[in-house]
Each structure stands twice: as structure tokens, then as C-alpha cells.
Amino acid sequence: MPTSLIDALANRILIADGAMGTMLQAADLDVDDDFQGLEGCNEVLNVTRPDVVRGVHEAYLEAGADCVETNTFGTNLAALGEYDIPHRIRELAEAGARIAREAADRWTTPDRPRYVLGSIGPGTKLPTLGHAPYAALRDAYQENAAGLIVGGADALIVETCQDLLQTKAAVIGSRRAMADIGRTVPLICHVTVETTGTMLLGSEIGAALTALEPLGIDLVGLNCATGPAEMTEHLRYLSRHARVPLSVMPNAGLPELTADGARYPLTPDELAEALDRFVNEYGVSLIGGCCGTTPAHIRAVSDRLRGAAAGPRAPEVDPGVASLYHHVPFAQDASVLMVGERTNANGSKAFREAMLAGDYQACVEIARSQARDGSHLLDLCIDYVGRDGAQDMRELAGRFATASTLPIMLDSTEPNVIEAGLEMLGGRCVVNSVNFEDGDGPGSRYARVMPIVKEHGAAVVALTIDEEGQARTAEWKVRVASRLIDDLTGRWGLSVSDILVDCLTFPISTGQEETRRDAIETIEAIRQIARRYPGINFTLGISNVSFGLNAAARQVLNSVFLHECVQAGLTSAIVHASKILPMSKIPDEQREVALDLVYDRRREGYDPLQRFIDLFEGVDAASARASRAEELAALPLDERLKRRIIDGERNGLEADLDLALAERSALSIINDILLEGMKVVGELFGSGQMQLPFVLQAAEV
Ligand code: THG
């Protein structure tokens, strides 16, 4: 039995090959015969000119590569679709893997195995931008992966990733292929970080790691777009935080444009030196080259590093979720993770009405205002009786994916609605929620939603509900939470930190005897669960506790209850963030009575609930903060128009333009105001402070 790739990597680094495309271009090939008339479709050579492809593999193996990558970068839906041969994905992938397999086997000796990495290029269709549906891409990647595995690949390498949703489709498609064929191979995943410092759609490296690692990849890393120097910071992040081993394949520097095309400046020795540093300082285990690297580069790398061991790493995992853009840790310094509650068709009239009217832009505005209000995450709930939930979820999650910088908590009781959301969001979501309401047996909601959670690598809210109903006492809540945690970690392989236990609280504002102790039991359950499961996370729908009271009273009770829960160990809360008051801002008496209400401190002649209601009789919830619209309206006209461009804010744009036209010419408005705004947008983009989708929005306005 030859040593597997993963076993080999545990002992020493492995060296992969360099560029394929440029080597093929150098061969003397005929468009009609060799390319079957499909000029530039390198993958066709896997069937027409296996000798040429094999020659490239041989050159790299001869130069000292331990691994060769198959000539299958374009066996995907986008690339073969361009040539009208998407039905040949599997055939060309399998042919490519066979050629590499033969070459690798020919060079394999008992003490030096050589490996085949099945290359899965992303293609140019970006699902986050709506170029193709997630499911179509995933299924095509599955075909691709199946061909590579059957053709003999030792591992799959999903590389040059630009859009995290596309990457997710490729990784999940690959996993499905392995399950289908019954053969599991290691999965390597490389993202491409542009010179701007993010992936093409604006994803930071932290977002990429958080989204991809829970998908069950075996190595994570970087390739293409830049040389090693520009990759250093991103690699440092991966080295510090990734649980899995690292892989890096840089270009031979940043290309310089010359009269005869791109020239890559890094010499073989310079590449080898840079990779030496990556191996030793950052503990990288798999290295190789991308654009502009040649057998001479790989020879230099092999001469310098063959047989080396990766430097030590002691990664600090930072559990959390991610939007398309950023990683958001569950642990917030000196605070609690705020989950915005208003993007909810049941919890906000404004949101519901906008959704029912199909005014998705208004829904996006509510999401944005939640972000400005201080939310770290958004709870998205579109459940509404009689609607096509999956369709509503696709519409809204698809827009939130790019328009909001916050990660999403998908709130639905329907597994197909949850899945529809996950298929639109490239970051890492929280699924809200699972429970044991109808048990955990076959066909239960729990059994139906968990495979979806697992496949997408989501975190999950676990509600303390079992076959007997919603747990009402601390003992019962702790018992159900323990059962959920044990099953989620034991049977489903989640980490404790990926679970957000929700101890659920009924309103304590109704005066009914049976709900008086609800807050107490919840606080006590949080305390016990936090003690029993170090690293566990929590969430809680705080506003539930105060239903029925007036707005001013709710604000105080919600804030006091949240404060007590956080003291007990609560890590996140579903709230209207800007309505939460710090304890210091609540008058003493209001706070004391709220505490009496929370802890049910009734005495002879004193009912804190009655007292609390009396305290807030006729009090308005003072909305001191001027609304966003008022802020904008307060600006002088020129500034306001400029601001609209920068913010991508079109509500009321026509009226402002009419006003401006009364004062000056259209050309002057464009040149002196609108272009000024775009200039600021350009600067923000150039300095990495604004992501591409917001730039597009500004340009649209
Ligand atoms: N646990 C989990 N998820 C949840 C809840 C929970 N999701 C939904 C809900 N509970 C949390 N979200 C809200 C959202 C809004 C309100 C309460 C909880 C709310 N809305 C006002 C009202 O209904 O009076 C405002 C209405 C409006 O503006 O129209 O109170 O417990 N895991």
C-alpha cells in the first residue's frame, strides 16, 4: 500500500508542479485536429493529444515535483459551456486524470511515490452575482470531480477561487461525487486574493477560512493573482488560524506587461527562497507554482526544499461566522453578539409589508439600517403562511449576500427554506433552528434539516424543545440542551462552539402565573449549560420576554433581562441593537423594578409587573436619533447628491436632481457633483475600504 498523500504530508512537505497552460501553448498544436476546432480549449487535448499533456507532466516530474496537477482547469460548466460542450465535463476530466496517473505511476518508486492532484478550476460564472444558479454549478462540479476520481486522482484541488459561493458549490459537488462513487480522497481548497487584498468579490481571507473550513476540506491555501510577496499577509492569517494544513502556489511574481505579453519576473531561485520562508515560518506543507512558473522553477524549489519538514504551527481557532466579506467571531470583546431582529416577516410590520409588496429594496434598507444600528449578524425570517418560502428566501438572501456586510442567521421552520438561503450565501451562516419537537427519528424535522446544515458547514441554533414541548424549568432546559449538544457533536460532527443553545423565554409580561418564572429558569439554565460545556455559544430572542408592554417599558425590560443573561453566560442575542440601553442609562427605580420582574420578587402588596406598567404609563419611547433620511435631508444639495452616489442611496434621487437642475446645467451636475462622488468611491475601493458590489451600486445610482 503506497503512502497516502495525507500521511506523506504529516511527515514532510510535498512539492507540486508549475503552470500548465503556458507549456501547452509552447507546443506546436493544430486548431482543427488537436483542438477539434475549439481554439484555446486546452482540455480537449486530453483526448486528442495525450502525448503533449503527458510531456508537460513528465517535465515537472523530472524536475522533482512530487505531485502533478491534471490538465482539467477548464472542465467546468462555465468554460466548457463557452465551447458548447458542457456534456463533456466528465469525459475530459477523467481523460485528464488518466494521463496524469500514468505519468505519476511511471515516476513512482518504492521510496518516492508521486501523486495526482485533480484540478478543479472555478470557471467564470459567479453565482453570488447571479451568473448561474448554485445548484447547476454544484452538479457540474460533481461531474468534474467524479471524472477526476474515476480517472485516478489522489486528491482534488479546488483552486483559483474568486467567489465563496462558487467555492462552496465546488467543494460540496466534490464531496457528493466522493459519496456517490464510494471513494474519499483529500480535498485541497485554494482561494485567490487579488492585489486589492481581498478576493474578487471583496472577501477577506478570514471570511474565506471561516466559510470553507467547516465544509470539511483537508488543506486550505492560496494560488494565483499575485506572487509570494503579496500573499504573505494572507498566508500569515491562515497559518495563525487554520486548523487544517496549508498549501500555497503563487505566480512567479506580479506580471509585467511587455510587447510580447505578460512576463513574470520571479526567477527560479527567488521563488524557491520565498517558498522556503513559507514552509519554515508559516508551516506550509504543500507548495508549488501557478502562472509563470516553469519546470526550472520547480527544479529550484525541489533542490532547495525536497524532504523538508513544515515549520511548527500552533493555530488559534476563532469560532464564528462570515458574510461574503468578513469573519465575525462569536466571542465579542466586552459585549454580546447582537443579531438584528427586524429582517423578519413576523417580527417587523415594515419588513413584512415590503416583502409582500415585492419591494426587496426596502427589505435591503432595513437590513442596512440594522447594520448601522450596531448588529453583528442579521436574523432573516421570511416565513409567511401561503407564500412560496423558498422563492422569497432566494430573493432576499441573494440580495443580502452582497448588499449586507453582516453574516446571516437563517430563521425558518422549513428545511427547504433554510436550504434555499444557504444556496445563495457564500459566507458561513447560522441555521435558526433545530429542536426535538418531533423527535430525532427518520422523517423528523431535525433529521431533515441536519444533513443540510452539515453539508453547508453552518453553525446552528439549538432550541430547548423536545417531544414534551418547550422546556419550562432550568432542569428541563439543561436536559434538552445536553441531549442536543451530544447529538450534534456525536452524530453530526459539529464542534461545541458551532452550537448556539437557545433556552427560550415566554413573555413575563402577561401576569399569568405559569410564565412568572420563565426568565429565572432561562438565566439559571444558561448558567448551568455554560458551566457544563466550555466553549458553547448561546442565543436568545430577547424581545419575546416583553411582548404586550408599551415600547418604553419593553426597551427597559429587554435591556435589563439581556444584561442578566449575559452575566450568566449568554454570548449572543436576537435584538433591535440600537434599542438596547446600557444599565448606566436606565433610571435606578426602573432598573430595580425590572429586576424584580425578571426574578419574580413579588411581596405582599407589591407586584413588580403592576409597578413596572405604572412606571411607564403614557411614556413614549423617545426616538432621539434622527433617521437616516433626516440626516441626508440636512445636507446642502450638492453634498447630498454626492453622498447619494457614495452611499448608493437612490430613494428621492429624482427629486434632488430636479432641484439641482433648476440651479445649473446637467453637464455641470455630472462633472462637478456626480463625478466627484465617484472619485471618492474610487478612492475607497482602491484603498480596500469599499467592496465591489457597493461600487457597482454607487455606479448604478
Ligand atoms: N429564538 C430564536 N429565534 C427567534 C426567536 C427566538 N426568532 C424570532 C423571534 N424569536 C426573535 N425576533 C423578534 C423580532 C421582533 C420582535 C420580537 C422578536 C418584536 N417586534 C415588535 C412587535 O412584534 O411588537 C415590533 C413590531 C413591528 O415593528 O412591526 O417584538 O426566541 N432562535
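Both ligands and their constituent atoms are indexed starting at 1 by order of listing. Fair warning: this is a prediction, and the values are worked out from it, not measured in the lab.
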In the protein, which heavy atom is nearest to [atom], and how far is it?
atom	answer
atom 11 (C) of ligand 1	Ile574 CG2, 3.9 Å
atom 9 (C) of ligand 1	Asn544 OD1, 3.9 Å
atom 17 (C) of ligand 1	Ser543 CB, 3.5 Å
atom 13 (C) of ligand 1	Glu341 OE1, 3.7 Å
atom 27 (C) of ligand 1	Lys349 N, 3.6 Å
atom 1 (N) of ligand 1	Asp502 OD2, 2.7 Å
atom 28 (O) of ligand 1	Arg342 NH2, 2.8 Å

Got an N/O contact under 3.5 Å between [X] and ligand 1?
X	answer
Arg554	yes
Gly347	yes
Ser348	no

Could you list the atoms of ligand 1 found under 4.0 angstrom from a heavy atom of [X]?
X	answer
Val461	32 (N)
Asp411	3 (N), 4 (C), 7 (N), 8 (C)
Asn432	2 (C), 3 (N), 32 (N)
Gly541	1 (N), 6 (C), 31 (O)
Leu463	32 (N)

Task: Results of side chain to side chain donor-acceptor pair (under 3.5 Å) for Tyr384 - residues two or more places apart only - done: none
Just checking, any donor-acceptor pair under 3.5 angstrom between side chains of [X] and [Y]?
X	Y	value
Tyr134	Gln166	no
Glu204	His326	yes
Thr505	Asn544	no

TODO: Determine whether any heavy atom of Phe547 lies closer than 4.0 Å to an atom of ligand 1.
DONE: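 Distance cut 4.0 Å: Phe547 passes for ligand 1.
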Do any side-chain atoms of residues 350-364 form donor-acceptor pairs under 3.5 angstrom with protein atoms, and if so which ones, sequence neighbours left out?
from, atom 1, to, atom 2, distance (Å)
Arg352, NH1, Ala345, O, 2.9
Asp359, OD1, Ala362, N, 3.2

Task: Lys/Arg-Asp/Glu bridge criterion (N-O < 4.0 Å) met for Glu524, Arg472 - done: no
Task: Trace of the side chain to side chain donor-acceptor pair (under 3.5 Å) decision for Asn435 with Asp466 - done: CA-CA 7 Å; Asn435 65 66; Asp466 67 7; over 6 Å; no
Task: Check: Leu504 main-chain N/O paired with Thr522 side-chain donor or acceptor under 3.5 Å - done: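 Present.
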